[in-house]
2 protein chains.
Amino acid sequence: MTKPKAAKPDARAKLLDAAFNVIRAKGYCATSVDDLCRAAGVTKGAFFHHFKSKEDLGVAAADCWAEMTGIFFATAPYHDHEDPLERVLGYLDFRRTILQGEVREFTCLVGTMVQETYDTAPAIRDACEACISDHAAKIEADIAAALDHANLKPDWSAKSLALHSQAVLQGAFILAKAQGGAEIAVDSIDHLQRYIRLLFNRL
Amino acid sequence: MTKPKAAKPDARAKLLDAAFNVIRAKGYCATSVDDLCRAAGVTKGAFFHHFKSKEDLGVAAADCWAEMTGIFFATAPYHDHEDPLERVLGYLDFRRTILQGEVREFTCLVGTMVQETYDTAPAIRDACEACISDHAAKIEADIAAALDHANLKPDWSAKSLALHSQAVLQGAFILAKAQGGAEIAVDSIDHLQRYIRLLFNRL
DNA sequence: AAAAATACCAACCGGTTGGTATGTTGTCAA
DNA sequence: TTGACAACATACCAACCGGTTGGTATTTTT
């Protein structure tokens, strides 16, 4: 017993963490099971002990990503604002500040995966869709509150603006990947914030 | 001579056309050379006669896509407007009207490819980046003209707004893939148009 | 008409793929 | 002590992958 082995299902967590990093860099399809095992430091036997297939890993990764980012954003400081509109703008401030490091480090796992799998792996697509929708729903709540607070009844819905904000972020990631830097993403968030301020006459 | 064979390199064009459709549906990596050959109705020998590798096909597909869409948008009716702002808004109207049919039919080839290859195939990434940049540059020209026409000197650049519009479109495609429909993309273009109208006080 | 280049094809190759079958080891309840 | 079971590891497989081969038919050049 030279090495005190961890009792907890260690390999599963390591594989999911590896999936986050490798898939965001190479994409879902180009990431082989061997790649994942190598990055996680486990064997193939461990992989197929915890996941019944590569697709199953994809679904689990999307679910785990949803949970992880859910906690990450729920505990972010922008929720402290009393004014709901400030929470929405603070959310976007926060998203801008996390655009650090390499492109593969700040881009979105589920946005990457759903583009490759939407037509071939419905289970992964659904898991990614749920992740995006759930996240958008949280922003929608603040937008709706901001509309209520400002006594506005516009011809667009809080939900559509929440989803639009996700589209802007996902699209900004694609351009960042194309250009090899976060600058375009920063600019795009600036534009989105300016749009929201204009909608609420808060300049 | 029962079949009058085309003198022109036929297989190459058929392979590129197949690439447009298959890659947009399955993604670049998941599309095998055999898939392409099957869809194009040619053999593998023909493939590697015209393209020295799969990556070379990817670059050629991006270049061909850039040329094709360049002509497509250059000949679209929205250029007829004398008012440059109307051309910008007309461009977005046009982009909305082409959101027809299956998701894989209206989404963007280079946006799909660059996400998978940005970290592993620089040649493909560069070709995709060039396609997006060139397209954005055309919209930038109309935005710049609109700013000039309205005598505006805002704290954002025409270029950043042009790139933002591409981010919105690319992001809308991702959400459309996740949700399996074009509705979100329509809504997102609505928001983008509303933003531009607000920027130019044209409501 | 000869020579050279182009366009294409069927068969094949070695390596990689996702996945499986069969151990081995540590943990814990009976 | 033992038996059951989870958590891995090792060895292996058939299918598929991108790419190569040697060849033929056609077109272009000389």
Side-chain angles (χ1 to χ4, degrees), chain A residues 1-19 22-23 25-62 64 113 116-117 119-124 127, chain B residues 1-19 22-23 25-62 64 113 116-117 119-124 127:
Chain A
M1 202 190 268
T2 50
K3 262 187 181 173
K5 272 203 184 148
K8 295 278 173 61
D10 188 41
R12 187 187 154 91
K14 285 199 282 189
L15 281 164
L16 286 172
D17 188 62
V22 183
I23 293 177
K26 308 190 6 171
Y28 170 77
C29 173
T31 299
S32 69
V33 173
D34 281 324
D35 285 337
L36 260 7
C37 293
R38 217 173 301 129
V42 304
T43 61
K44 233 168 173 179
F47 184 99
F48 284 100
H49 173 73
H50 290 287
F51 307 103
K52 70 172 201 270
S53 66
K54 186 188 172 186
E55 181 172 343
D56 189 41
L57 174 275
V59 174
C64 184
M113 278 206 296
E116 286 181 75
T117 59
D119 207 38
T120 47
I124 296 180
Chain B
M1 206 191 265
T2 50
K3 258 190 183 173
K5 271 208 186 143
K8 296 280 172 60
D10 190 39
R12 188 188 151 91
K14 284 199 282 188
L15 280 165
L16 286 171
D17 188 61
V22 183
I23 293 177
K26 308 191 4 171
Y28 170 77
C29 173
T31 299
S32 70
V33 173
D34 281 323
D35 283 339
L36 260 8
C37 293
R38 216 173 302 128
V42 305
T43 61
K44 230 166 175 180
F47 183 100
F48 284 100
H49 172 73
H50 290 287
F51 308 102
K52 72 170 198 274
S53 66
K54 187 188 171 184
E55 180 171 344
D56 189 42
L57 174 276
V59 173
C64 183
M113 278 206 297
E116 286 182 76
T117 59
D119 207 38
T120 48
I124 296 180

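Below, read A as the first sequence line, B as the second, and so on, with proteins coming before strands; counting in each chain starts at 1. The shown structure was predicted, so the numbers you read here are calculated from the model rather than taken from an experiment.
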Quiz prompt | Side-chain donor/acceptor contact of A/Lys44 with base of C/dG18 under 3.5 Å | solution = yes

Quiz prompt | Check: A/Thr120 main-chain N/O paired with A/Thr117 side-chain donor or acceptor under 3.5 Å | solution = no

Quiz prompt | Cation-pi check, B/Lys54 onto B/Tyr28 ring (under 6.0 Å, within 45° of axis) | solution = yes

Quiz item: Are A/Asp119 and B/Lys26 ion-paired here, with the side-chain N under 4.0 Å from a carboxylate O?
Solution: no

Quiz item: Whole-Å distance between D/dT20 C1' and B/Phe51 CZ?
Solution: 18 Å

Quiz item: Rounded to whole angstrom units, what separation is found between the CG atom of A/Asp10 and the P atom of D/dA6?
Solution: 18 Å

Quiz item: Rounded to whole angstrom units, what separation is found between the CZ atom of B/Phe47 and the C1' atom of C/dA11?
Solution: 18 Å

Quiz item: Going by distance alone, is a donor N or O of one side chain under 3.5 Å from an acceptor N or O of the other, for A/Asp35 and A/Ser32?
Solution: yes

Quiz item: Out of D/dG19, C/dT17, C/dC8, which has the shortest distance to the side chain of A/Asp34?
Solution: C/dT17

Quiz item: So, does A/Lys14 use its side chain to make a donor-acceptor pair with the main chain of A/Cys37 at under 3.5 Å?
Solution: no

Quiz item: Whole Å only: how far is the CG atom of B/Leu15 from the C1' atom of C/dA7?
Solution: 12 Å

Quiz prompt | Minimum-distance nucleotide to A/Thr43 side chain [options: D/dT10, D/dG19, C/dC9] | solution = D/dT10

Quiz prompt | Euclidean distance, atom NZ of residue A/Lys52 to atom C1' of C/dA21 [Å, nearest integer] | solution = 19 Å

Exercise. Between D/dA7, D/dA9, C/dT6, spot the one nearest the side chain of B/His49, thanks.
Key: C/dT6

Quiz item: Between A/Tyr28 (OH) and C/dT17 (P), how many Å, whole number?
Solution: 14 Å

Practice problem: Starting from P on D/dA9, measure out to CZ on A/Arg38 and report it in whole angstrom. | Solution: 15 Å

Quiz item: A/Ser32 side chain N/O closer than 4.0 Å to the phosphate oxygens (OP1, OP2) of C/dT17?
Solution: yes

Quiz item: Toward the 5' end of DNA chain C, which comes first, A/Ala30 or A/Gly45, by nearest nucleotide?
Solution: A/Ala30

Practice problem: Measure from the side chain of A/Val33, starting at C-beta and using heavy atoms only, and say which of C/dA7, D/dG18, C/dG18 lies closest. | Solution: C/dG18

Quiz item: Between D/dG18, C/dC8, D/dA9, which one does the side chain of B/Ala11 approach most closely?
Solution: C/dC8

Quiz prompt | A/His50 side-chain N/O to D/dA7 phosphate OP1/OP2 under 4.0 Å | solution = no

Self-check item: Euclidean distance, atom CZ of residue B/Phe48 to atom P of D/dC17 [Å, nearest integer]
Solution: 12 Å

